[in-house]
There are 2 protein chains.
Amino acid sequence: MKKTYSTQEIEKRLSEAGVQPTLQRIAIGQYVLCDADHPTAEDVLAWAEKKLMKISQATVYNTLNTLVEAGLARPFRFPHSDKVVYDSNLMDHFHFLDEKSGQVYDIAMEDIEIKVEMPKKYKIKSLDVVIKGEIKN
Amino acid sequence: MKKTYSTQEIEKRLSEAGVQPTLQRIAIGQYVLCDADHPTAEDVLAWAEKKLMKISQATVYNTLNTLVEAGLARPFRFPHSDKVVYDSNLMDHFHFLDEKSGQVYDIAMEDIEIKVEMPKKYKIKSLDVVIKGEIKN
DNA sequence: TCTAATATTAGAATAATTCTAAACTTAGAA
DNA sequence: TTCTAAGTTTAGAATTATTCTAATATTAGA
């Protein structure tokens, strides 16, 4: 489902986006863009610390903001939490929120048929759809 | 567009919802349920202070939470702000966010045609739709 | 090798909201 | 009417997510 990028590829993506590929940025970039699934800043810090990486909280926040500004990840907020979640899926897509676990799943646009009819004065730029429910396994 | 309730009606709605209709609750209730349009806690406090009401910040938060628990208002978060916004529209509905002004507009369900096709294991409970854009006047 | 630009950091600051525990108000029993 | 217990309001402290500050470290390129 998710792409895997080698360290070199992450480095290249950062450079191409005009971001200096430092050690911290490469590590966090690889985690957020490949391994993690909708992580929060807290998740990223916990992962880094578990990896015995010496990193400060500020760097985690700085790096996540940098990834967002570089267009490599997108921030989202969901109703069940007041933490920002980072999504590396750059395609337009929607979200399913499992209210039991708090887990967020990406939903491809193709799975939803949506037609918005509104007076012309509303100029639509984008659409956020969050489907809330439960997953039965 | 919005219903108007007299003080007595607000008092009745509070009582019927099992909430003691105190002065503070009636005042904030009337403001949130009739006069205001998607106010934040900050808006409610500012309004109360402008009215020369002696009220504490904690009471504003308590009362808003009470209104939500009583089912008289619903809390929402939007992507442009990290403040919770209170919505007295109890019908299911969607939102339009004017990215220029930050103003939120309610969109009736009838104005949107949405059809969600998903694997059966996703049990859908509710849907949050936020349309972001601009209003041309 | 040097220097200027850029990153990282610890810790302070900010902002929204909740908590705490004391003071106040109210509803209803006596 | 008075009393009491339950419920409400309050000021201020606490909490949580995030950003800021300003000092230190690293890096890119001359």
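Just so we're clear, the structure is a prediction, and the values are computed from it rather than from any experiment. Letters A, B, ... mirror the listed sequences (proteins, then strands); counts begin at 1.
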message: With side-chain contact (heavy atoms from CB on, under 4.5 Å) as the criterion, how do A:Ile112 and A:Ile131 come out once you've worked through the C-alpha distance, each side chain's angles and the decisive distance to 0.1 Å?
response: CA-CA 11 Å; A:Ile112 295 189; A:Ile131 305 168; 3.6 Å; yes

- request: Check the pair A:Asp87, A:Val104 against side-chain contact (heavy atoms from CB on, under 4.5 Å), reporting the backbone distance first and the verdict last.
  value: CA-CA 10 Å; A:Asp87 195 333; A:Val104 172; 5.9 Å; no

task: Could you walk me through whether A:His95 and A:Asp106 pass the side-chain contact (heavy atoms from CB on, under 4.5 Å) test, one step at a time?
output: CA-CA 5 Å; A:His95 291 107; A:Asp106 282 6; 3.2 Å; yes

field: Per-nucleotide protein contact string for nucleotides 21-26 of chain D, where B marks a base within reach and S marks sugar-phosphate only (heavy atoms under 4.0 Å, - for neither)
entry: ------

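B:Glu69 has its CD atom 14 Å from the P atom of D:dG7, to the nearest Å. Regarding A:Leu45, its CG atom lies at a distance of 10 Å from the P atom of C:dA10, rounded to whole Å. The CD-C1' distance, from B:Gln57 to D:dA13, rounds to 12 Å in whole Å.
B:Gln30 places no side-chain N or O within donor-acceptor distance of the main-chain N or O of B:Asp35, the cut-off being under 3.5 Å. The closest donor-acceptor contact from the side chain of B:Glu9 to the backbone of B:Ser6 lies under 3.5 Å.
The nucleotide whose nearest atom lies closest to any side-chain atom of A:Asn65 is, among C:dT9, C:dT17, D:dT19, D:dT19. Closest approach to the B:Ile55 side chain among D:dT10, C:dT18, C:dA10 is made by D:dT10 (side chain taken as heavy atoms from C-beta onward).
Side-chain N/O atoms of A:Asn62 and A:Thr59 include no donor and acceptor closer than 3.5 Å.
Less than 4.0 Å separates DNA chain D from at least one heavy atom of each of the following residues of residues 6-22 of chain B: B:Gln20, B:Thr22. The stretch residues 72-87 of chain A touches DNA chain D through A:Asp82, A:Lys83, A:Val84, each having a heavy atom within less than 4.0 Å of the strand.
Phosphate contact (OP1/OP2 of D:dT9, side-chain N/O of B:Thr59, threshold under 4.0 Å): absent. Taking side-chain N and O atoms only, B:Tyr61 has no distance below 4.0 Å to OP1 or OP2 of C:dT18. In this structure, B:Lys54 does not reach the C:dC24 phosphate: none of its side-chain N or O atoms is under 4.0 Å from OP1 or OP2.
Between A:Glu134 and A:Lys136, at least one side-chain nitrogen of the basic residue sits less than 4.0 Å from a carboxylate oxygen of the acidic one, meeting the salt-bridge criterion.
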